[in-house]
Amino acid sequence: MYSQISPLIGDQVQKALEYAAKYDANLFTKCNESCVQFLCEAIYADEVMIRSRAIDLIAKILQTESKVDWQMFRHEVSNTPREVLLIKELIDSLQDQNNNIKLKAVQALNLVLTRGSPIAQQILNECVKFTTFFDENVHLPDEPRVGKNEIRFEKPNGQQPQYTFEGHGIVESCISKMPSHIFEYLYQSPMSYIRRAGIMFMEQLVKLNPLLIFNTNFVTETAKLIEEPTALVRKQTLLSLDAILESYPNCYPVIFVWCKIIAPMLHDNDPKNTELAMECFRSRVLLNIKGIDQSNRPEHFMPWVIIRTMLSTQSRFYLQNCFHLALHQRMLSPQIIGIIESHLLTSNSTEAWIVLNFISGKIKSKEPDILIHQFISLESWNKEQNMLIAIEVLASCIQDFSYTALNHAFNHILSHIKDGQMLPIIVGKAFDFLLLIDNRSQMTEKRKQPPTDTANKPWITDLHEHLEKAILEGISDFPDNRDTLMCHLYAFTEVNLQTRLRPNQTIISFIHKFITECAKLKESELHLDNERLFNSMILLAGRLSLRDSCVARTTCMLYAHILKLIDRPPIINTILVALSDLCKKHTQIVENITDRILCKLNSPYDVNRLETFKCFEKLVLQDQLKLRGSLLLCLLSTLLDVSKEISSRASDFFSEFLSKKNPTLFQKCLIECPFVFNEFKNFDGLDSFAEAHIKSPLKGESHHKSRQLLYEHFLKDMDDINMILYFGQLKLVAEKSQHDPLLKSPEGIALIKDIFYILKRVCQLAKEQKSSNDTQEEAEDMIDINEIVENEEGGGNSKAASKNAAKNPGIGRGRRKRETTMPEAMTVMEKSLIFIPTIYENLNQPIDPEVEKSFNGVCKALAKKFPNLMEYAQPPKFWKKYNCKVNTNPRKRKSRNRRENLNDDADEVDHNSSRDNSDESDFDSDESDGEPLITKRRCVDNSLNNANKVSDLPIEYIFNPNI
């Protein structure tokens, strides 16, 4: 009933508002009287409903045309239209604290622009058009230079104010501040419908005055909407930007924001938003692409600016995905491909080759041989990027070319390689393209697959001999002929890898000597040309070492020497790339210089540390290197890197390694790392760190916080059983405290503090567990229940079960070892508790204050979370000061006795809880972060509330097994 009345009431309110607006218009027309002054006061009322109804009536009045129809007494009629005051109040209401008021105000202003009365539209339009606007701290994207003959929308000059009404000064200041109000109160509103309304209104304003793009924070604030959580708001943002881009084609600031918004929309969770993004991409890019001879409007140049902007501001994957979706939805046609190909010899050539690279092999060109002609007729070979992309395009659609065109391309590329006229960066892909052409020539109707052996091809052997001869002759003229020689060297390494021929020793010696001489230079002397040649020689030496272990050993020694002396990021990155390839062929040789490479994880340059980590990450996940010893230690330290990118990448790496390679790595590290981090030598239980003389980067009191952060990382995702098992370390520490004097050294003291810190965190992180006695009793009860159920099921099932049980062997050779259960872990932990007083007595001569603090931290953590455990801890004299609670009655006591003693238990808990509160003040700040168990008081209160249900407190255990 209510749902039927509510719309009726809403309709009645709207009709009443329309009648009021018409009445006010007639009153104003005939009598020069109006309720405007009353509304301007009512809009500041304390009651939200009054303000809301005032804005509703203002919106209706602004949509109703009215003008004083007096011939006489014109001096009584104001020259300032009443709409001026109403518009001013609406703009001021954008700052209202109430969300409903802000929404109605912006909706009313939007209605004025679209369906307002002629005078209201005129006032607001002129005020927006003639205002210059000027926000503080406006940041615009760096606009690329205008291409040849390109037509672009430039920033316009402000219009000269020519108002056709009086009173514009009343609203000028409000209009100039309106954009900042929209950004602050609407764009940043927590309500999605308000953000959406603000975006729609800003679209109308920008269409009226493009200076809002350049003189306000429109670009910055709209770009923040990339992270918008609401699908409708994301949709409206793209729709508004697309409409603005249609009004101002090739306006770079709008293109910049449009590209940032549309990229994530292509992977939006809402499929409708993805369809909208593709439609916007089609209308702004694909439909506007024209041939260079037909490009005479800004929108014709806009597609290339959009492509260029997306490539520079987003990952290449987004643009590639756009064209893949366009292919899937059949938005691309051979005509569009032909238009793109027509731009290969224009200033848009790079973008055209990239687009062709995205779609090559998926859609066929009408005249594919034109691509080879365009490739060969490029004006200059120094366009590295264009040449690289062009060769990729040709390789992906090699099946579409005619034999004549392929033969022409083969001869052209081969002659350039022999003459040394090809840039080194292009040589590798060019040679691969030659191999593809050769394979294509070997394929016939009978032979569908090309031969796999490339070593015996005549043209490869001839090319190898030609290049070797050219290099030997050119060494004497180096460095005068360095461009040609470098081209020959790069080509020689590519060809040599395809043959079984050993490279000439003179060439290898020349490269090694050049590297040695460059390593002697100071970093200040490594100017651009020297550094470029140095990097090239490093790569060449690595390639020539792939098939010769002796050469590889010499090359790796040179690499190690360079890593020791030089820390320039380009050189370090080049060495890491070369070592990644060498490790696949000569793993042992690369492992010999691992320590030298690991030093770069301490480089002051973030890029060096990141690339070094990437190198080891790749090699470890590919099983080229084993994650153990110093390598494991250094990679663990990257979890604490100051660079967020490196630390997060390290965390992802270890997560992947744990899931795919070794799930128990962190469990072993938790046991071994306190010994390794502190360089404690007298420990024979090392497995992951078995190598001798590991130098720890985390040794010393200054790094104790870093060590604790790593222990936290180990414990973060560890299960309770393995955490509790760590208490087994107490036995080992107790034995060493009796017989090993090294435990009292600074390394030993640090070791004890680390172990006790881990134990304390185990107490705080482990969940509640029942005592071993309770667990055994429950297990016995379950066995009795199962026997009863089996007897009731009948003899047939019992006999079958007996046969299966007889056939089922126990744990034997070759079978998986049975996992430790929680009751077993709790039992071992309980037995380990006695070692804490033993360790304390052995070190109390006198005990170090910091060590005593660690002891107190563990014991207080045990007392805080496991108070019942203190009842049974031995010796009682040691644990008395930590004993916070008295255990409840035994489990098997009759329920009648439990009820009789219930009140005594409650009094006892009250007494002990006050002792708990007094002890908590002694805890350190880092000792109080664990979640305490439910206290006995809470259990007693539950028992009092349930007279027929009495539950005992479980005894908590936290002890862990030995190593």
Side-chain angles (χ1 to χ4, degrees), residues 1-28 31 33-66 81-117 119-121 123-124 170-171 174-175 177-178 180-202 204-205 230 232-233 236:
M1 185 69 179
Y2 180 77
S3 61
Q4 296 176 355
I5 293 175
S6 296
L8 184 62
I9 294 176
D11 293 341
Q12 290 176 348
V13 170
Q14 292 301 318
K15 287 182 179 180
L17 289 171
E18 290 178 3
Y19 291 151
K22 290 179 180 178
Y23 178 81
D24 181 78
N26 289 327
L27 188 66
F28 182 67
C31 305
E33 296 291 340
S34 176
C35 64
V36 169
Q37 192 61 39
F38 169 76
L39 292 174
C40 291
E41 295 175 0
I43 207 168
Y44 294 101
D46 293 335
E47 292 292 333
V48 175
M49 183 60 70
I50 296 176
R51 301 203 303 272
S52 176
R53 290 288 180 258
I55 291 179
D56 290 338
L57 187 53
I58 289 174
K60 294 294 184 182
I61 291 174
L62 289 174
Q63 296 177 59
T64 306
E65 185 176 2
S66 61
R82 63 177 185 163
E83 287 81 1
V84 172
L85 296 175
L86 297 178
I87 290 174
K88 176 183 180 299
E89 297 302 334
L90 287 179
I91 296 174
D92 289 340
S93 295
L94 295 176
Q95 308 173 64
D96 198 284
Q97 293 182 351
N98 186 271
N99 291 321
N100 188 41
I101 301 300
K102 286 191 284 190
L103 177 63
K104 290 195 172 187
V106 70
Q107 288 176 338
L109 288 169
N110 211 358
L111 284 173
V112 171
L113 290 175
T114 55
R115 293 184 297 172
S117 64
I119 183 62
Q121 281 188 338
I123 292 171
L124 191 52
I170 299 175
V171 292
C174 294
I175 293 290
K177 296 178 182 178
M178 184 166 58
S180 60
H181 292 339
I182 293 174
F183 298 141
E184 181 177 358
Y185 300 107
L186 302 185
Y187 273 40
Q188 299 180 16
S189 171
M191 302 300 174
S192 61
Y193 54 86
I194 294 179
R195 297 196 299 272
R196 184 166 176 258
I199 293 167
M200 296 170 66
F201 183 49
M202 180 55 70
Q204 302 298 326
L205 296 180
T230 309
L232 279 176
V233 181
Q236 187 58 52

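- Listed by first and then second residue, the salt bridge (charged side-chain N to carboxylate O under 4.0 Å, His left out) pairs that reach into residues 183-198 are Arg195-Glu228, sequence neighbours excluded.
- Looking at residues two or more places apart in sequence or on another chain, you find no side-chain hydrogen bond (donor to acceptor under 3.5 Å, both in side chains) involving Lys102.
- Lys88 meets the salt bridge (charged side-chain N to carboxylate O under 4.0 Å, His left out) test with Asp92; sequence neighbours excluded.
- At a threshold of 4.5 Å between non-hydrogen side-chain atoms, the residues Val13 and Asp56 do not count as touching.
- Considering CD1 of Ile58 and CD of Gln63, their distance stands at 12.5 Å, rounded to 0.5 Å.
- Applying the salt bridge (charged side-chain N to carboxylate O under 4.0 Å, His left out) test to residues at least two apart or on different chains, the pairs with a partner in residues 43-52 are Arg51-Asp96.
- Judged by distance alone, the side chain of Thr114 and the main-chain N or O of Asn110 form a donor-acceptor pair under 3.5 Å.
- Remark: Glu65 CD is loosely packed, at most 12 non-hydrogen atoms of other residues, nucleotides or ligands lying under 6.0 Å away.
- Checked against side-chain hydrogen bond (donor to acceptor under 3.5 Å, both in side chains), Gln95 has the following partners two or more places apart in sequence or in another chain: His181.
- Closest non-hydrogen pair, Leu90 versus Ala105, comes out as O-CB, 3.7 Å.
- Atom CD1 of residue Ile43 and atom CG of residue Leu57 lie 10.5 Å apart, to the nearest 0.5 angstrom.
- Taking Tyr193 as the reference, Asn99, Leu103, Met191 meet the side chain to side chain contact (heavy atoms under 4.5 Å, CB included) condition, with sequence neighbours excluded.
- In this structure, CD1 on Ile87 lies 9.5 Å from CE on Met178, to the nearest 0.5 angstrom.
- Contacts of Phe201 classified as ring-ring contact (aromatic ring centres under 6.0 Å, His included), with partners at least two apart in sequence or in another chain: none.
- Under the 4.5 Å side-chain criterion, counting only non-hydrogen atoms from C-beta, Ser52 is not in contact with Asn98.
- Distance CD1/Ile182 to CD1/Ile194: 13.0 Å, rounded to 0.5 Å.
- Here Ile170 contributes atom CD1 and Ile175 contributes atom CD1; the two are 12.0 Å apart, rounded to the nearest 0.5 Å.
- The NZ atom of Lys104 lies 8.0 Å from the CD1 atom of Ile55; values are rounded to the nearest 0.5 Å.
- Here Gln107 pairs with nothing under the side-chain hydrogen bond (donor to acceptor under 3.5 Å, both in side chains) rule; sequence neighbours left out.
- Counting only residues at least two apart or in different chains, side-chain hydrogen bond (donor to acceptor under 3.5 Å, both in side chains) contacts with residues 34-45 comprise Asp24-Ser34, Ser34-Arg82, Tyr44-Glu89.
- When all heavy atoms of Gln204 and Leu113 are compared, the closest pair comes out as CB-CD1, 3.7 Å.
- Ala197 and Val106 get closest at one heavy-atom pair: CB-CG1, 3.6 Å.
- Residues Lys60 and Ala21 come closest through the heavy atom pair CB-CB, 3.7 Å.
- Partners of Ala120 according to the side chain to side chain contact (heavy atoms under 4.5 Å, CB included) rule, which considers only residues two or more places apart in sequence or in another chain, are Leu62, Glu83, Val112, Ser117.
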